[in-house]
Amino acid sequence: MSVKILSEECIGCQTCIDSCPYGAIVMKDDKAVLTEDCTFCGACESSCPVSAILVEREKAEESQDISSYKGVWVFIEHRDGRIRNVSLELIGEGRKLAQELGEEVSAVLIGDNVAEMSKELFASGADNVYLVEGSAFQHYSTDAYSIAFTYLIRKHLPSVILLGATNDGRDLGPRVAARLKTGLTADCTSLSIDPETRLVAWTRPAFGGNIMATIFCPDNRPQMGTVRPKVFKKPVPDYNRTGKIIREELAINEKDIRTKLIDVVKVCTFSCNLEDAEIIVSGGRGLGKPEGFRMVEELAQVLKGTVGSSRAAVDAGWMPYPHQVGQTGKTVAPKIYIACGISGAIQHLAGMQTSDVIIAINKDPDAPIFKVATYGIVGDVYEVVPALTAKLREVLQ
Ligand SMILES: Cc1cc2nc3c(=O)[nH]c(=O)nc-3n(C[C@H](O)[C@H](O)[C@H](O)COP(=O)(O)OP(=O)(O)OC[C@H]3O[C@@H](n4cnc5c(N)ncnc54)[C@H](O)[C@@H]3O)c2cc1C
């Protein structure tokens, strides 16, 4: 993609300056010129009254016959022999999309000795499982998985691909999309089929969560997107369902793997499997100091819950990033979410507001968190949290 301003055509009206969301057009000698902030989004093109802006878009690969792409695929993530919940959630949603398109939903299972997991994938709604097994796939590796996934897509031509917006999905999706010269919409919060075009309508927050953008991928296939954990509900498994396993043999050349996994280091000071937690106790800047998290951890322990954090507390170095809840952290939907000293900024709410019950503890009665809270306690965290922990310990033990 490239953007050019034809200076001989430009009449210096400055309309394009207002149309640029990145402030990347300036006037020089009464002519509009692009600065290096231009992201080539093309938003300026239609604003020019004299067609002096030329946006050249790459054409879809000549050989790509869009009509031959069929079916919805879900990339399956697994760890320590267990399928991650996000993959099952996406099978459920993928099934709905596939039904609307009158097509099948398939799971892509890559790993070492993972065939057994197919049962759960069929039970969750998959019609087919594309299976690639081998020692090169024992742990997720960018190179090995990108090679295998790209190979499968080129061979079987799926129309739609869903991946979790997780560390692995965010690593794999864009690489595969780039190899296939197709688009990928990251971090979607809802998916549907446009009734007119039968394209997937990928909806996601944009501009810091201030607008919801719906994105289409009309010219290229597959249509790809990542979706955060807990955006969709996990389907109720039906173990009477079966499906077809399509096994693919694929040899990976060692030279193609540029990284070597030496060790796995857990960075969580406390359990940080937030996405699957039923109870989360989170702390924010209102704790005032890193030691405040000891009190939060204690409450979480009594409730058999997990510790979360606002970004402010992560940025201050009080908690490691894997605990961050929100737009740039994890999306969670526990049964109970307790926010201690968290103001309730929109970016934090984006990650937790679908929790069943929200309990907010904040000394400011006007804190925005109270707008989404089921129960609000106005008070100092250092008085409320220890009192709550002591009472719960008494009741629960
Ligand atoms: C692009 C972008 C992405 C972002 N992503 C995220 C994200 O993923 N997650 C996230 O959390 N934020 C995110 N943020 C930051 C977000 O905008 C807020 O700055 C952040 O959530 C504030 O964290 P906080 O509520 O802990 O701190 P503050 O906003 O400072 O709130 C502290 C609260 O504690 C209360 N308080 C103070 N002392 C006490 C006390 N003793 N007892 C009780 N209450 C007390 C105060 O009244 C206040 O309401 C993002 C911002 C941007 C621009």
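Remember, predicted model here, so these are calculated numbers, not experimental data. Start at 1 and go down the list; that is how both ligands and their atoms are numbered.
Side chains of S141 and D143: a donor-acceptor N/O pair is absent below 3.5 angstrom, by distance only.
Listed for the R241 side chain is no donor-acceptor partner under 3.5 Å among the backbone atoms of P237.
Each of the following atoms of ligand 1 lies closer than 4.0 Å to a heavy atom of G379: 42 (N), 43 (C). Atoms of ligand 1 found under 4.0 Å from any heavy atom of S310, numbered from 1 in the order shown, are 11 (O), 23 (O), 24 (P), 26 (O). Heavy-atom contacts of G326 reach the following atoms of ligand 1: 7 (C), 8 (O), 9 (N) (cutoff under 4.0 Å). Ligand-side atoms of ligand 1 in range of A345: 16 (C), 17 (O), 18 (C), 21 (O), range being under 4.0 angstrom from any heavy atom. Near G329, with a cut-off below 4.0 Å to any heavy atom, the atoms of ligand 1 are 8 (O). Set against the non-hydrogen atoms of G284, the atoms of ligand 1 under 4.0 Å away are 26 (O). Here is the list of ligand 1 atoms found below 4.0 Å of a heavy atom in D380: 40 (C), 41 (N), 42 (N).
Residue contacts with ligand 1: S309 is excluded, as none of its non-hydrogen atoms falls under 4.0 Å.
Rounding to the nearest 0.5 Å places CZ of R170 at 11.0 Å from CG of L184.
The nearest non-hydrogen atom to atom 9 (N) of ligand 1, considering only D315, V325, T328, D364, comes from V325.
Here E248 pairs with K155 in a salt bridge; the nearest charged N to carboxylate O distance falls below 4.0 Å.
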